[in-house]
Structure formats: C-alpha cells, structure tokens
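Take a look at the structure set out below.
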Amino acid sequence: MPAVKYQKGEKVMGRWPGSNLYYEVKVLSFDSMSQLYTVIYKDGTELELKEQDIKSAAGFQARSRSRSRSRSPGRRRSRSRSPARTTRRSSSRTAAAVAAAAITDSVPSSRRETRLKDTLEVRPNRISLQTYLEAEPEKNQARYNLRRRKDDGAAKEVTAKPEQLEVEEAKKAVAPIATLTTQLDFGGKLGAYFWLLFLPAWVLFLIIQVNLEDPSLANFPPPLPPLEAFLDAQALAFVILWIAFQAMLYILPVGKLSEGMPLMSGERLKYRTNGFFAIVVSAVVVAVALHQGLDLTYIHSHFLQLAVATFLIATLLSVYLYVRSRYAPQEQLALGGNSGNVVYDFFKGHELNPRIKDFDLKFFCEMRPGLIGWCLINFAMALAEMKQQNLEAPSNSMILVNLFQLLYVVDGLWNEEAILTTMDLMHDGFGFMLAFGDLVWVPFTYTMQAYYLVRHPNPLSFPIVTIINKQGFVGFYIFRKSNSEKNAFRRNPSDPKLSYLKTIPTATGKSLLVSGWWGVIRHPNYLGDLLMALAWSLPCGFSHLLPWYYMIYFIILLVHRDSRDMSECRRKYGSAWDEYCRTVRYRIIPCVY
Ligand SMILES: NC(=O)C1=CN([C@@H]2O[C@H](COP(=O)(O)OP(=O)(O)OC[C@H]3O[C@@H](n4cnc5c(N)ncnc54)[C@H](OP(=O)(O)O)[C@@H]3O)[C@@H](O)[C@H]2O)C=CC1
Ligand SMILES: CC(C)=CCC[C@@H](C)[C@H]1CC=C2C3=C(CC[C@@]21C)[C@@]1(C)CC[C@H](O)C(C)(C)[C@@H]1CC3
C-alpha cells in the first residue's frame, strides 16, 4: 500500500479547482481506494483533491516568495495601476473589488468579462464556489473530483487567502456534471405540492367570488358549480386559436432580432422582438371581428370555462417542458429545478430556454398570449359593463383601469428587448410556475379589477380621476426609467450616455450600478410597479377587498422576488454585492424597506 503523503489534520496548500491558485486547507482524510484527499477550506467548504494538487505549506511559501518577487505579472499589474482610479467611492475596498479594479482599469468595460476569465493571476480572494464552478466548469471537472462534501444548500464563500503560482491553461475539457439543486425556493418540495394545488384553486375562487353580489376575499368558498360547467369545447377551441394566432405573429419575420444575455456557454440566443407589432395586429383583427358581429362579451360570460381551458393547456405544456428538461444538455439548464423530486422540478422548471427550432417557448409565453390576452379581456369587460349596466360608454373607473393596464402591456411590448435582462429570462427554468403564471394567472387574475367593475360600479369624480392619473404616471415613470437604465447598462456598460453613472466592479466582470435609479434603492423598478398597481385598484374604491387582491399579491410577489434576487446576486457577486448593499441600504421603499 503506498504511504500517505499528507496526514490528517495537516495544514497544506490545496490547488483551487480549475486554476493555479493555492489556498490553505486542512487535510481531513485520505481515501486509499480513490487516492483522493478530503480537504477543508477556511470557510468550511470540503473538496476532494488529488495528491498532485496539494503542496506542503513550507515548500509552497518558499517557492511562492521567489516567484512573486521575480515574475508575477499579477503583481506588476496591480502595482502600476492604482485601484483608486476606479469608479468606486467607498474606502472599505474589498480584495475582490481591488483585484477586479486592477483589471477593469486597463480594459474597456465591454471586454472586461473575457479578460477577467482569462487572467488567472489576478483572482479575488473572496469568491463564491458556485460562481467559480459556473465560470469554468469544464476545467474544473476535468481535473478534480469536484463535489462539495458538506453542502448545506447555499453556496458558501471561500475566504482563504490565495497564493499565486504560474499561469497556464487547463489541459482537458469535458462536459460538466449535473448538480442537484439543494437550495429550494417556494417552500421546497412540500411548498411545490401546496402551490400546485393552491394556485389553480385560487384562480377558481377569485372567478367565482367576483361574480357574487357581495364579493370578498374573506368569504367562505361558495359551492362549486357542476363539473360540466367547467369544461366547454368551444372555449377550448377559442383559447387554442388565440395561442396559435399569437404564435403565428411571433414567427413572422417582422421586427428586430434581439440578442439575449450571454449564456453559460457564451452563446447569445436571438429573439424576435416584434411584440408591439403583435398587439397592433391583434387589435386590428379584433376590431374587424367586432365589426363582423363577434360578441366579445362571450369572454365575460364564459370566463370560468376559458380559464379552465387555458389551465389544461398550461398543464400539458408543463408536462412537455418537464419531460424535455430531462433530456436537455447540461449547459441549457437553469441552476434550480433539479432537486430530484418530480413535483418540485415540474413546478419550478429546469430548462432555461426551451426552444422548438428558433421558437422560444418561455419568451413567447411570457410576452404574448397572456399579456395581449389581458388587454383583450379588459376590453371585453368594458363592453360587458356597458351591456350589463346599460351604459353608452364605459365608466370612468373602467376607462382608467383599461388605459393604465393597456399602457403597462404596450410599454412591455414596446420595450420587449428589456425582458431579456430580467430574472425570469436569465435565471429561471421554464416549468409549471411560469407556464401557469404566463398563460393563466396573468390574463385571468390581473383582469380582476375590470371584471369586478362589470357588476360593481364605482363612480369617480373628475378631481379623483386626476389624482389617480398623476399617481399612476409617477409609478410608470419610475418603472420605465429604472428598467431602461439597467437594461441599457447591461447591454452596453461602456455606452457613453451612461458614463455619468457610478459602478462597482465585481469578480465576474459585470459591474453593479450604484448611482442613478439603482443608487437610490435596490429595486426602483419594483417601487414604480407597486405605485402603478395602486393606481389600478384605487378606481375600484374601498367597498370590497377583491379588487385589491392584485395589490396584496403583488407586494408579496415582489418582496419574495427581491429576496430571491438578493440571494442570487450575493451568490454571484459575493463581497461586491455586500458592498452594494452597504452603499444602497434600502430595497424597495426609500428609508422604509
Ligand atoms: N406585473 C408583474 O406581475 C410582474 C412584474 N415584474 C416587473 O418586471 C421587471 C423585471 O423584474 P425582475 O426580473 O424581477 O428583476 P430585475 O429586472 O430588477 O432584475 C434583477 C437583476 O438585475 C440585475 N441587477 C440588480 N441590481 C443591479 C445593479 N445595481 N446594477 C446592475 N444590475 C443589477 C441583476 O442581474 P445581473 O447582475 O445578472 O444582470 C439582478 O438579478 C420589474 O420592473 C418588475 O417590477 C416582475 C414580476 C412580476
Ligand atoms: C403566482 C405565480 C404563478 C407567479 C408567476 C409569476 C408571473 C405571473 C410573473 C413573473 C414575472 C412576470 C413578468 C410579467 C408578467 C407576470 C410575470 C410573468 C411582465 C411580462 C408584465 C409586463 C411588464 O412590462 C414586464 C415585461 C416588465 C413583466 C416582466 C415580468
């Protein structure tokens, strides 16, 4: 049996996977079968290393000293380039930021990412393990038995001090392994069961409630109608026709082909961003159909059946998405949605950008049938209100709700490219949650205010209309400006028009905005969105809670989304993110939250 070179408890230097950096580690054990040492890093991360990737601490220091004096290009660079020349203002500079700044100073920002990845000698000394694995998965996997031995879910940060050795390219490249998702969102596996049952039931509850004389969110669920009342072949046919019509508009070679953000593979997918064209054509087609005698109030009278039909389609789509995610190549998968639990994975979704040829299912579902359908339903509710209340024109409240929500959707479609830098498109897998959210939840619950007004009129005086209008537009202004600022910055960080903005460099090569809208609060777009949501509920008055459902749901959604985003960004950007949070203290409401 060969002698064990390093003993249990011994402090040695372990090579950081995929790089030439050595960290101080403690030997925990040696497995004679696999010939691997289990070592623990200072932050508690355990990895298995081969003997050749371990050096004794004494020998390493002597070698490292002589090398760093004579030939470390990293050192030369950081001495000659003062970190003070970066855009950062804070005095408590972390090593990560200084390291990144040393590089970003000399490189145009659009090329920073590539340079950072290539330049192995200047590595930050605090970097998240998972970020590192994502950045260079093939190198890591080629050389190491790279599994975290003590995984408690969230990626931990390595705080050990790196020593620098020579720069060389990793030699082999093999496909990365599939990693199990251990950090589960939405209440984990049990939560997934709950949401799968609760979300459709809640849609049903809302639809049944809103038709009652005295609707309330606090009401006990009324008795369910018989099963036949839920299913309607004609309603199903309409829904299929609508989705097929939107799909046809989406694939027309009209409008811009926009590039998505770079994927892990470096590839950038192309998206046909012709959403504005789609809503204009849809409006024209609906106008022609109305002229031909189509009775749009059918949508009001068959709302439940239309919702159930759409739910069936969303469920079938989710099953398809789940099955295909099992066969998708590793580099096309999202980080989440691979827990090993069928229900959780079905709910969360695992494939990042499922496509049939060039047809992007997630992008299409998020931006087209549900979103444009939302406006169509609102319009049908306005017609139903006129019919039901014998009006010659829709009420002021109905007009306000219709116009505000139309503005929201048209703006989203006009700026469709901006969706490519949002969380759903960049990070989330496509599964039941998003398919159901996009196709059922948005059109059948976001229309609750308009639906409510059909049977529950709320007359508004002109001054009140003016106040709600102003408040809604302030929200819209904040929402649009902040989203556009981030989108423009993410697309071209060196855009001269954005040169006035202050940024924090991060170890990934991307920077974070710390001035402008994103320097006031961490989610200015959420604040704008919430103010708009308020303006959609106010026209319905205060007699019932039901039209306020969207506001309540939206606060919960955005607070949860913000915390999901915080942990995701912390994982990605490590100490640079902490620095950002110290500089920009409030999340959504200045000085409050
Ligand atoms: N009506 C509705 O039902 C809903 C509407 N929305 C709206 O959709 C829009 C998009 O929201 P969402 O996708 O949740 O989140 P964001 O558009 O806010 O995207 C978050 C991402 O932005 C990047 N980012 C965060 N901080 C900074 C910074 N300081 N500088 C530069 N980049 C930063 C990070 O990604 P990275 O660094 O990787 O680029 C982060 O993950 C929002 O306006 C929201 O209100 C959202 C959900 C539901
Ligand atoms: C409860 C449940 C099933 C939640 C799913 C959440 C989805 C409904 C939302 C997640 C992010 C969304 C966005 C929009 C609609 C709602 C969903 C899909 C959005 C398309 C609305 C229009 C905006 O202008 C927008 C493009 C910014 C926005 C993007 C996020």
Side-chain angles (χ1 to χ4, degrees), residues 186 195-196 198-200 202-203 261-262 275 314 347 362-363 365-368 370-372 374 405 407-428 431-446 475-476 478-491 493 498 501-504 506 508-533 536 550 553-554 556-558 560-562 564-573 576-577 579-581 583-584 587-588:
F186 303 101
W195 292 117
L196 269 176
F198 173 78
L199 292 174
W202 182 250
V203 177
M261 292 292 103
F347 176 76
K362 183 163 69 168
F363 179 79
C365 288
E366 181 133 347
M367 294 311 287
R368 304 304 172 78
L371 217 52
I372 303 178
W374 175 8
Q405 298 190 345
L407 172 72
Y408 187 63
V409 172
V410 168
D411 168 81
L413 296 170
W414 180 262
N415 296 288
E416 204 173 21
E417 204 177 56
I419 188 95
L420 302 176
T421 58
T422 62
M423 275 165 69
D424 308 286
L425 264 286
M426 289 192 307
H427 310 303
D428 288 342
F432 179 85
M433 187 188 74
L434 271 184
F436 174 82
D438 296 341
L439 299 177
V440 184
W441 190 261
V442 169
F444 293 97
T445 73
Y446 286 22
F476 177 68
I478 299 174
F479 167 83
R480 178 47 35 228
K481 286 285 179 187
S482 54
N483 270 330
S484 298
E485 186 174 84
K486 191 214 22 172
N487 184 51
F489 179 70
R490 275 287 171 257
R491 292 199 161 269
L498 303 174
L501 290 171
K502 293 199 168 67
T503 60
I504 294 181
T506 76
T508 66
K510 273 180 169 181
S511 300
L512 292 167
L513 290 168
V514 270
S515 75
W517 290 101
W518 298 81
V520 182
I521 39 178
R522 289 184 224 155
H523 262 128
N525 48 354
Y526 289 3
L527 176 65
D529 223 338
L530 282 170
L531 287 173
M532 278 192 285
W536 301 348
Y550 179 79
Y553 142 80
F554 208 43
I556 300 171
L557 178 94
L558 292 185
H560 176 249
R561 226 171 143 85
D562 169 77
R564 262 203 315 143
D565 196 36
M566 290 294 129
S567 14
E568 174 65 19
C569 287
R570 221 191 151 273
R571 185 186 67 71
K572 271 189 292 189
Y573 302 127
W577 184 255
E579 188 69 30
Y580 173 62
C581 294
T583 316
V584 182
R587 291 163 179 246
I588 302 177

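All ligand and atom numbering here is 1-based and tracks the order in the structure. Residue numbers start at 1 and run along the sequence shown. Quick note: numbers below take in every heavy atom, side chains included, and nothing from hydrogens, waters or symmetry partners.
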Region of [X] that comes within reach of ligand 1 [heavy atoms, distance under 4.0 Å]:
| X | result |
| --- | --- |
| H523 | side chain |
| M423 | both |
| D529 | side chain |
| S482 | neither |
| V514 | neither |

Show me which atoms of ligand 1 lie under 4.0 Å from any heavy atom of [X].
| X | result |
| --- | --- |
| Y408 | 1 (N), 2 (C), 5 (C) |
| L557 | 47 (C), 48 (C) |
| D565 | 20 (C), 21 (C), 40 (C), 41 (O) |
| F479 | 43 (O) |
| K572 | 35 (O), 36 (P), 37 (O), 38 (O), 41 (O) |

Which residue from [options] reaches closest to [atom] through any of its heavy atoms?
| atom | options | value |
| --- | --- | --- |
| atom 36 (P) of ligand 1 | Y550, F554, Y573, W577 | Y573 |
| atom 16 (P) of ligand 1 | R522, K486, Q405 | K486 |
| atom 8 (C) of ligand 2 | P200, G370, G437 | G437 |
| atom 29 (C) of ligand 2 | D529, I419, T422 | I419 |
| atom 15 (O) of ligand 1 | Y526, Y553, Y580 | Y526 |

Any protein heavy atom at under 4.0 Å, with atom 13 (C) of ligand 2 as the reference point?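 Looking at atom 13 (C) of ligand 2, one finds that a protein heavy atom does lie closer than 4.0 Å.
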Is the shortest distance from atom 19 (C) of ligand 2 to a protein heavy atom below 4.0 Å? no
Report yes or no: does a heavy atom of R561 sit under 4.0 Å from some atom of ligand 2? yes
If we only consider heavy atoms of D438, is any one of them less than 4.0 Å away from an atom in ligand 2?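 Judged by the 4.0 Å heavy-atom criterion, D438 does count as contacting ligand 2.
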Of all protein heavy atoms, the one nearest atom 42 (C) of ligand 1 is N525 ND2, 3.4 Å
Distance under 4.0 Å to a non-hydrogen atom of V442: what atoms of ligand 2 satisfy this? 8 (C), 16 (C)
Roughly how far, to the nearest 0.5 Å, is OH of Y573 from OG of S511? 9.0 Å
Could I get the full list of salt bridge (charged side-chain N to carboxylate O under 4.0 Å, His left out) partners for R561, not counting sequence neighbours?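 R561: salt bridge (charged side-chain N to carboxylate O under 4.0 Å, His left out) contacts with D424.
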Within a strict 4.5 Å, meaning less than it, do heavy atoms of the Q405 and W536 side chains meet?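 Answer yes - side chains close enough.
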Polar atom proximity, L513 to ligand 1 (N or O, under 3.5 Å):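 The answer is yes, given that L513 and ligand 1 share an N or O pair closer than 3.5 Å.
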Once you restrict to heavy atoms under 4.0 Å, what part of D411 touches ligand 2? Side chain, backbone, both or neither. neither
Is there a donor-acceptor contact under 3.5 Å linking the side chains of W441 and Y553?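 A pair is found: one side chain offers a donor N or O, the other an acceptor, under 3.5 Å apart.
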Heavy atom of R490, distance to ligand 1 below 4.0 Å: yes
